[in-house]
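First up is the structure itself, then whatever we jot down about it.
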2 protein chains.
Amino acid sequence: MGDDLDIVSLTPARGRGFRATSFDVAEEAGVSQSTVSRALAGDPVVSEATRLRVAEAARRLNYQVDRNAARLRTGKTGTLAVVVICRPGQDRKDVNPFTFALLGSTCAAASARGFETLVSFQSESFNGLYQEQRKADGLIVLGSTENLAGWDYFRERAQSGDHIVCWGSPHDGLDWVRSDNREGARLATRHLIEQGFTRIACISSETSPQRQFAERYQGYAEAMAQAGLAPRLAPFEEGLAREEQGQRAVAHLVSSGKPFDAVFAVCDQIALGALGELRARGFAVPAQVGLVGFDGIRDGAYSTPPLSTVEPDFQAAGTMLVDRLFAAIAGSDCDKRRVPVSLLPRGSSVRK
Amino acid sequence: MGDDLDIVSLTPARGRGFRATSFDVAEEAGVSQSTVSRALAGDPVVSEATRLRVAEAARRLNYQVDRNAARLRTGKTGTLAVVVICRPGQDRKDVNPFTFALLGSTCAAASARGFETLVSFQSESFNGLYQEQRKADGLIVLGSTENLAGWDYFRERAQSGDHIVCWGSPHDGLDWVRSDNREGARLATRHLIEQGFTRIACISSETSPQRQFAERYQGYAEAMAQAGLAPRLAPFEEGLAREEQGQRAVAHLVSSGKPFDAVFAVCDQIALGALGELRARGFAVPAQVGLVGFDGIRDGAYSTPPLSTVEPDFQAAGTMLVDRLFAAIAGSDCDKRRVPVSLLPRGSSVRK
DNA sequence: CTGAAAGCGCTTACAG
DNA sequence: CTGAAAGCGCTTACAG
């Protein structure tokens with residue numbers, strides 16, 4: 001098996017497949033193996049001269065610590081698991097772009113704290129035994145609220161003592177981080193009022209498992225009341241695609257005969273469906289009807305007119321998920337769970 | 001430190017923080033530790049009766065194999081690393097939705113083969129020492145072609161012998177998977193010709209580091225030649241945002257004075273910029289000017305009119321990346337590297 | 001078919 | 001400040 005003719009080999013024993021251990025580095029640096037470990041870990045007890053000698057030897061041998069051995073010894077993984085719950089049968093490209101953005105900022109936040117992220121997309125058979133198999137120190141769960149089986153599974157894991165923080169769970173009993181939905185809805189509604197709209201309907205649902213929809217309706221209703229206006233719920237039907245929910249809600253609004261001059265939709269995809277239906281029915285947006293959505297997904301920027309929306313601070317969202325998880329792991333407190341939001345006024349609501 | 005009053009403890013020695021090892025399971029099942037290991041690994045040499053007894057004992061003790069110990073022993077990680085190269089300073093929510101979709105299908109493909117995926121987003125300081133630290137058996141790199149420093153870094157890692165397969169590299173010297181760009185461009189161009197367009201310009205670049213842009217221009221030129229039509233390159237300027245590149249390319253087309261009746265843009269974001277500019281200049285799309293993009297990102301579905309595009313089979317893309325990486329790891333061959341594409345005709349090119 | 005034993009490559013008390 | 005030694009929890013020849 002030996003590759004004795006290998007030109008790049010340092011010594012006959014260190015050919016191409018050679019992988020240095022801390023013992024090899026120790027020999028190369030003329031110190032003990034334990035000193036190598038301390039030196040490379042940055043233990044301040046090691047003298048500067050020794051540290052340099054070890055670092056140099058490690059560099060020469062291309063040495064890297066075997067993380068599996070280190071983890072076995074310390075019991076810490078330096079890794080967080082992130083599970084994205086999808087709908088059964090859903091293509092990965094149809095995952096909500098909001099979820100992808102959140103995944104990206106979550107990985108970035110973990111990385112900023114020196115943690116790796118073990119990511120998986122799960123839709124039917126769930127597996128959250130990361131701590132049990134010592135693959136990760138904790139778990140962040142994101143994704144489709146509709147997949148109740150998934151949320152049930154992870155709630156059970158949390159009850160078994162796993163460290164879990166989530167975004168989008170319909171359940172209590174899972175530690176969560178969410179957008180400041182009430183504030184966002186108030187911002188959107190006040191903005192429409194400032195633009196001169198008064199008969200503002202809100203496309204939402206009182207029965208959706210999505211907590212944020214109820215919170216957004218609440219914020220809308222508060223802002224309306226504060227302005228002395230009557231709130232009006234335009235309910236969407238469960239079980240349809242979001243766009244279709246928006247279309248149908250607008251159809252009902254129109255056929256009700258009761259006039260309206262603006263719509264606040266509790267998510268962007270519903271708003272885009274509503275926008276299509278409004279335009280199909282000949283309403284000028286925003287001249288006749290103003291429209292604001294919620295989530296800040298990219299799709300809205302390309303609609304005609306571009307969709308006004310409320311956007312969470314994605315970076316803060318990732319950071320809060322990770323920090324809350326660290327707090328759960330450490331057994332310490334963490335009071336931040338509401339992600340700040342801001343209004344993105346675009347063409348669908350701004351009347352020049 | 002002991003939590004002796006713990007009510008749920010099974011025995012005084014197995015309280016809340018207790019974590020069973022294979023030795024505990026062995027004792028519980030009345031076999032040796034090595035038999036536990038074999039039984040749980042599904043080694044067929046173990047008798048069925050023993051296997052059941054061990055499985056039952058493991059269940060009772062809530063035992064899960066410590067993957068770090070297993071990995072240390074076997075030297076295999078069962079993990080693939082996935083690095084998404086971002087632009088420096090780029091917010092994670094602005095990562096190309098195409099890249100996110102690819103990330104999703106890559107993770108899914110790895111998972112379907114029983115592999116975990118260690119995901120990271122890198123933009124400035126790069127780290128690809130996954131194999132060296134025994135964190136993963138190989139690496140898939142995706143992302144922004146523009147970040148040359150990133151691609152340089154990973155090319156160097158590949159030259160050091162790391163197993164790497166990529167999507168989007170401007171370099172040779174990295175094993176790659178790509179869309180069937182020529183075929184996709186031919187489909188788009190033939191489609192425009194079938195719709196009655198003849199003076200079709202292609203927004204592309206001869207100097208872009210993006211290999212796929214050159215391939216797409218080539219497919220366009222072939223289809224034009226085959227129909228006896230003259231190709232026309234509408235070059236975009238480097239260094240601008242994609243949308244702006246599309247806008248300016250259209251502005252130049254118009255101001256050139258030479259008539260055109262359709263545009264094939266080599267990516268959707270350029271196409272969306274072109275669409276905005278066309279409409280701003282009063283061109284009816286598709287009545288006066290037909291338009292097709294490339295990539296199949298979601299944004300195009302919401303434009304007015306919706307953008308026709310060419311979409312790769314994302315699931316196949318993830319599968320090919322993973323299978324090619326496995327082949328590289330195993331040292332075997334793998335000839336599949338071109339992802340099939342299909343035309344998605346939408347409102348921007350279909351004349352009723 | 002099963003068991004006793006070695007060893008994967010680290011970190012960390014313990015001793016000096 | 002450094003070294004010798006134990007041990008993290010597995011898998012896998014080797015022996016029977």
Side-chain angles (χ1 to χ4, degrees), chain A residues 1 14 17-55 57-58 61-79 129-135 137, chain B residues 1 14 17-55 57-58 61-79 129-135 137:
Chain A
M1 293 285 193
R14 291 176 183 173
F18 173 73
R19 184 190 165 87
T21 70
S22 50
F23 285 91
D24 299 309
V25 177
E27 194 183 338
E28 179 85 10
V31 296
S32 75
Q33 182 269 340
S34 39
T35 295
V36 170
S37 178
R38 289 192 197 99
L40 296 177
D43 188 330
V45 86
V46 175
S47 78
E48 183 64 8
T50 305
R51 202 188 57 70
L52 279 174
R53 207 141 38 88
V54 170
L61 297 184
N62 251 318
Y63 173 75
Q64 294 285 334
V65 171
D66 182 325
R67 299 302 309 161
N68 296 309
R71 285 174 186 173
L72 174 58
R73 184 54 232 244
T74 63
K76 292 178 182 176
T77 68
T79 302
L129 301 175
Y130 294 97
Q131 283 175 245
E132 290 73 9
Q133 303 182 348
R134 287 236 165 99
K135 289 176 178 173
D137 300 333
Chain B
M1 291 285 191
R14 292 175 182 170
F18 171 74
R19 186 189 164 89
T21 70
S22 50
F23 286 92
D24 299 309
V25 177
E27 196 185 336
E28 180 84 10
V31 295
S32 75
Q33 182 269 340
S34 38
T35 295
V36 169
S37 179
R38 290 193 196 99
L40 296 178
D43 188 330
V45 86
V46 175
S47 76
E48 182 63 8
T50 305
R51 202 188 57 68
L52 279 174
R53 204 139 41 86
V54 170
L61 297 184
N62 250 316
Y63 172 76
Q64 294 285 333
V65 171
D66 183 324
R67 299 303 309 161
N68 296 308
R71 286 173 186 173
L72 174 57
R73 185 53 231 245
T74 63
K76 294 180 181 174
T77 68
T79 303
L129 302 175
Y130 293 97
Q131 283 176 244
E132 291 72 8
Q133 303 181 349
R134 287 236 164 98
K135 289 175 178 172
D137 301 330

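Below, read A as the first sequence line, B as the second, and so on, with proteins coming before strands; counting in each chain starts at 1.
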**OP:** Dump the intermediate steps for side-chain contact (heavy atoms from CB on, under 4.5 Å) on A:Leu40 and A:Tyr63, then the final yes or no.
**Re:** CA-CA 10 Å; A:Leu40 296 177; A:Tyr63 173 75; 3.4 Å; yes
Answer yes or no: is there a side-chain heavy-atom contact under 4.5 Å between B:Arg19 and B:Asp66? yes
Using Watson-Crick geometry (N1-N3 plus N6-O4 or O6-N4) or G-U wobble (N1-O2, O6-N3), each under 3.5 Å, C:dA13 is paired with none
Practice task
Test side-chain contact (heavy atoms from CB on, under 4.5 Å) on B:Arg38 and B:Val45 and set out the steps.
Solution key: CA-CA 8 Å; B:Arg38 290 193 196 99; B:Val45 86; 4.1 Å; yes
In this structure, NZ of A:Lys135 is separated from OH of A:Tyr130 (nearest 0.5 Å) by 6.5 Å
d(A:Leu61 CG, A:Glu27 CD) to nearest 0.5 Å is 9.0 Å
| request: Look at the side chain of B:Thr77 and the backbone N and O of B:Arg134, then say whether any donor-acceptor pair between them is shorter than 3.5 Å. | output: no
Scoring nucleotides 7-13 of chain D by protein non-hydrogen atoms under 4.0 Å (B base, S sugar-phosphate only, - none) yields BBBBBBB
Worksheet item: Would you say a side-chain N or O of A:Ser47 is under 4.0 Å from OP1 or OP2 of D:dT2?
Response: yes
A:Arg51 CZ to D:dC1 P, in whole Å, measures 13 Å
Pairing partner of C:dA4, by Watson-Crick or G-U wobble and under 3.5 Å for both distances, is none
Check: A:Val46 near the nucleic acid: base, sugar-phosphate alone, or nothing, with a heavy-atom cut-off under 4.0 Å?
Finding: sugar-phosphate
